[in-house]
Amino acid sequence: EGLVNKATDPGLLAPDWQTVVQITDMLDGLTPEEVIPVFKLIRKKLGSKNPKVVLLALTIVDSCVKNGDFKVHKVVGSKAFMGAMAALASGKRGADVGAKAAQLVQTWGREFE
């Protein structure tokens, strides 16, 4: 929880890549059941009213998808998580957030065909 909060701190001027990589590496050592609560917290960050927090959370998710294994892909590909991504892609949290969410979903779709 501490790492996710640190990586989505609204005071950050840019993504904290060291912390993002720590999160990605930490997930590799977890069981599938242990990965779920981490992504529930990230999904909560995706629901933030602060667009900066949402964009930072999207950075975490993208890094985890690109560098994670099947257990990460399974959680991110779940109906609940993809529903959150679809809601963001609609643009209700701002154009930047909507564009980034849509771009990520499209990229993941092409990569995992």
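In this chain, residues are counted from 1 in sequence order. Below, each value reflects all heavy atoms present in this structure, side chains not excepted, and no hydrogens, waters or symmetry copies.
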Say whether Val65 and Met82 are linked into one hydrophobic cluster, either directly or through other cluster members, by side-chain heavy-atom distances under 4.5 angstrom.
yes
Please say yes or no: joined through hydrophobic side-chain contacts below 4.5 Å, possibly via intermediate residues, are Val53 and Leu55 part of one cluster?
no
How far apart are the closest heavy atoms of Leu3 and Met26, and which atoms are they?
CD1-SD, 4.4 Å
Co-membership, hydrophobic cluster, residues Val97 and Leu12, 4.5 Å side-chain
no
Considering only heavy atoms from C-beta outward, does the side chain of Val38 approach that of Leu27 to under 4.5 Å?
yes
Please evaluate residues Val4 and Ile23 with respect to the criterion side chain to side chain contact (heavy atoms under 4.5 Å, CB included), reporting the C-alpha separation (whole Å), side-chain torsions for both, the decisive distance (0.1 Å), and the verdict.
CA-CA 7 Å; Val4 172; Ile23 293 167; 4.1 Å; yes
Within a strict 4.5 Å, meaning less than it, do heavy atoms of the Val76 and Met85 side chains meet?
no
Is there a side-chain contact between Lys100 and Asp96 in this structure, where contact means two heavy atoms from C-beta onward sitting under 4.5 Å apart?
no
Would Val54 and Lys45 count as a side chain to side chain contact (heavy atoms under 4.5 Å, CB included) if you check the C-alpha gap in whole Å, the side-chain angles of each, and the deciding distance to 0.1 Å?
CA-CA 6 Å; Val54 177; Lys45 297 292 184 176; over 6 Å; no
Taking every non-hydrogen atom, the tightest pair across Ala101 and Ala89
CB-N, 3.8 Å
Could you check whether any side-chain N or O of Ser48 sits under 3.5 Å from a backbone N or O of Lys44, counting only pairs where one atom can act as donor and the other as acceptor?
no
Under the side chain to side chain contact (heavy atoms under 4.5 Å, CB included) criterion, do Leu58 and Leu88 qualify, and how do the steps go?
CA-CA 10 Å; Leu58 287 170; Leu88 292 174; 4.1 Å; yes
Evaluate the side-chain proximity of Leu46 to Phe39: yes if any heavy-atom separation is below 4.5 Å, no if none is.
no
What pairs of residues pass the salt bridge (charged side-chain N to carboxylate O under 4.0 Å, His left out) test when at least one of them lies in residues 48-63, not counting sequence neighbours?
Asp62-Lys66
Mind checking whether Val20 and Asp16 have side chains closer than 4.5 Å, heavy atoms only?
no
To the nearest 0.5 angstrom, please state how far the SG atom of Cys64 sits from the CD1 atom of Ile42.
5.0 Å
Got more than 12 heavy atoms from elsewhere within 6.0 Å of CG, Asn50?
yes
Can you check whether Ile60's main-chain N or O pairs, donor with acceptor, with Ser63's side chain at less than 3.5 Å?
no
Qualifying salt bridge (charged side-chain N to carboxylate O under 4.0 Å, His left out) pairs with a residue from residues 70-89, counting only residues at least two apart or across chains
Asp69-Lys71
Least distance between heavy atoms, Gly68 atom then Asp28 atom
CA-OD1, 4.4 Å
Might you point out which heavy atoms bring Glu34 and Thr31 nearest each other, and give the distance in Å?
OE1-N, 2.8 Å
Would you say that Phe81 contacts Lys40 through its side chain, given a criterion of any heavy-atom pair below 4.5 Å between the two side chains?
no
Do Val61 and Val21 land in one hydrophobic cluster if side-chain heavy atoms of ILVMFWY residues count as linked below 4.5 Å?
no
Go through it in stages, so that I can follow the logic: the residues are Gln22 and Asp25, the test is side chain to side chain contact (heavy atoms under 4.5 Å, CB included), and I'd like the CA-CA distance, side-chain angles, deciding distance and then a yes or no.
CA-CA 5 Å; Gln22 280 182 291; Asp25 290 346; 5.8 Å; no
